[in-house]
Amino acid sequence: MKDLLWLIPVLPFLGALLNGFLLRGRIGKKAVGWIACGTVGLAAALALVLIGGYLVSRQPFEQDLYVWMPGGALHTTVGGVQNFTVGMGFLLDALSCVMLFVVTFVGFWIHVYSIGYMAHEEGFQRFFTYLNLFMGAMLLLVLGNNYAVMFVGWEGVGLCSYLLIGFYYKEEFPPYAGRKAFITNRVGDFAFVLGLFALISTFGTLKYSALFPQIAAHRSLMEGHFVLSLSLASFIALALFIGATGKSAQIPLFVWLPDAMAGPTPVSALIHAATMVTAGVYMVTRSNVIYQLAPGISLVVATVGAATALFAGTIGIAQYDIKKVLAYSTVSQLGYMFLAAGVGAYSAAIFHLMTHAFFKALLFLGSGSVIHAMGGEQDMRKMGGLRKYLPVTFWTFLVGTLAISGVPLFAGFFSKDQILGAAAGHGNWVLYVMGLLTAALTACYMFRALYLTFHGDFRGTHEQEHHLHESPPAMAWPLRVLAVGAVVSGWIGIPAAMTFEAVDLNYFDRWLRPVLVEIPGLQNPEHHPLSFELILITASIAAAGFGIWIAWRIWGRRGLAGEEAVVARVPAAHRVLENKYYVDELYDATVIRGFWATARALFRFDSGFIDGFLVNGARNVTVYAFSLGSGLFDKYVVDGLVNLTGRLLSGFSRGFRRLQTGYVANYALVLALGMFALIVVYYIVLRRG
Amino acid sequence: MLEVTTTHYLVLSFVLFAIGLFGIAARKNMITVLMSIELVLNSVNINLIAFSFQHSDLTGQIFAIFTITVAAGEAAVGLGILIAYFRLRESTSLDQATDLNG
Amino acid sequence: MEALVAHGPAILFYVFAALAVVSALGVVTLRNPMYGAICLLMTFLSVAVLFLLRQAEFLAMVQIFVYGGGIMVLFLFVIMLINLHRLPDIKMFAGQSPVVAVFAVVLIGFFGYVFLHAQLGTVAAHAAGAPAGQSLGNPQDVAMSLYRDNLLPFEIASLFLLVAMIGAVVLGRRQ
């Protein structure tokens, strides 16, 4: 059974092949849905089986399929000249199990949801083709046993993100947003690839099982100076992390994620909440051995994560589009994950990744349900009081909101608390405070969204009110399932402190332990006293509670009026927040305009100088020279010959005309002379002969 | 020198021939030209007779007869042309008979 | 007297040769064509004598009859017809006459040289015509040759005369 590991990524690709090529335009929507969800469902089932197998055996399983790039002799720093190859293979270990579960399970339910959500859209088959394609690429990413396969998946999900963001290609904005996403990602990928190159040139391999032990063994090499006052480990770690900022929407490359909301809501749920954006966190965790040897860069990772979390939270509180609120919320939560990874709490990061997948997907699908009911309206100012029209949506959305706010017993509480605990535990108090503030903010803006959407009076138009209806089962059931997940998924990572250290219920942490490379000599985190931990837990709960209370005061009780009152108090600040700190405008004015100006200048150089001067100049010179030459040739040589012929003839004829005197006597004389000449000649010949 | 050989006759014939040639080529009067032609033909006859006597062959004399015949015919036609031309141009000067000029 | 008889043929030759040359010169140099015609007649007669000296009696007679009696008469008639008393010819000779004179002299010189150095062999023993003893006299011999051996040319010559006559008549007609 384990040998069927390769089938897991292949099944969604098969679905994409069927819907995209072989059966394109030939089957009805029902069949399309069955194929798409069926392949993912089978993959999910197979994944569960294999995870179960691992659960029992706790043996990582590696499957090498074939040699993808034979490569050749390569000089490496550690091993001299080696034969560098890249193979296609998959690895099933603790980390990939978690990712596999999240991707297939959540992915499957989102596929089912999409059948209902996209039922009336054109391009139904195209949507599912892209969605399946994405699933295949994401599975390659998480299951790959070397960085090259991960990178294939990395780029593949980027491509599918572009395709799906720009799904409504007939409008103006979606294609632009798709391009923005792809290009911003590519900026990060450039750095990512540099990191891979450094790994290749040093170790001659990209395979995890071969690479990580070598990295741990060559600690001094990794910590030795490499370039730009960075150690080798720092360089690689930084390069890979820049790639992660692109893929996982951290500062400074996060700008594509809010605009990516132009895609259909299931896309936002799957790609931009649960799976693709988490690839960066997965990558950092997978590379933990490198990050452990680069403490400076790890600190950078944590700082960027915390800063992004806080930054995005402040923006989220001033947004009116419900999807934008969730988008910034995603950026913020991803920041949490990087904060955790940066301080070394890799299992906390992955734990939060998993819980976040559940509740964020749930929240997005819920918002999709609302948008669907509102006939496409996404502005919360036009909503209100929807809880009575959309009960299922409301209750599941509430569950998600509670989970993300870190309310105890819900999933988010456990994972977020672990992160904050790790930050404080490593002594990064600044980061801890930032994280705590963000927690309060998260609760605040999420409940703001909840209140504005579901509470109060309906603020939309009459037609919209008539249109309001609960979602069909295809959409409602995934909401229910994910809501259960949003609650339950946290229970496998209960920190020891919460049971007052009686029982270690932190299964998750133990589960993930084998993935973390133990580097001898590296300082292990201190163990803090129980009271310390309990204080932190209390602080987290307090922060969440505070945020909810503020939200209730402003929006819960007074709805939109509360919003307006706050805005009136701090109009300038609000404007800045609402316009996302003008980051997009800043990028546009500097980087983008710079590139355009350079491109235009180069184009002008090319067309003006190269084409214009050189090429056209050469042409003109040649044409002129040839025309001149041929003109002169024609005039002097050709015409000259013609004229010469004429003149010769006329000269000859003039000469000969003189013979024709018309005077008979002349003719007689000439006759006589000629006769005489002949006789003389004859005489001479006769004499000689 | 006293013995008259064929050579004497030949020289004589060529002298007459040259004189006749002079008359054809150098005189402007058409009639004089025609008379010079007769002179030339006559000199040829002298030549023929001389050789006929030399080789005791009558062929020369027969040839001379025919030459005389041709000369007569030619003189008749030539004078006819002259008369026709004279009627046209009222002149017998060769200088004016240059219509074939050019 | 004996000298005269012995050299009779030579003397006759030189005398009549000179006469022929002089009258030929007269033909080409005299302005009046009438005078020229008379000179031409003199030339013909001289040449006839020269023919006799070479034992071509028939031809001498033919020369006198045809040339002197026919052609000269013709010339004289034409001269009279043309009414040439108006002769304002300033120049008698054409522009190219010097060239022609020179050429004539060269011609004489060249051929004189040729003939003087030519090996002509001895004169035949007998007169032209039938072998010695068999000759019936020149006219008979000529007749024999003409009507037997050279009949075709004879007939052609007669045809030629016919054509010439027709031509002369046509040309001489007044339109």
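All values below were derived from every heavy atom in this structure, side-chain atoms included, with hydrogens, water molecules and symmetry-related copies excluded. Worth saying up front: this structure is predicted, and the values here are computed from it rather than measured. Letters go in sequence order (proteins before strands), and every chain restarts at 1.
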### Message
Looking at every heavy atom in both A25(B) and A665(A), which two are closest together, and how far apart are they?
### Response
O-CB, 3.5 Å
### Summary
Scanning both residues in full, the closest heavy-atom pair of I24(B) with A668(A) reads CG2-CB, 3.6 Å
### Query
What part of L21(B) gets closer than 4.5 Å to chain A, counting heavy atoms only: side chain, backbone, both or neither?
side chain
Just wondering, more than 12 heavy atoms not from [X] lying within 6.0 Å of its [atom1]?
| X | atom1 | value |
| --- | --- | --- |
| R87(B) | CZ | yes |
| F63(B) | CZ | no |
| F190(A) | CZ | no |
| Y176(A) | OH | no |

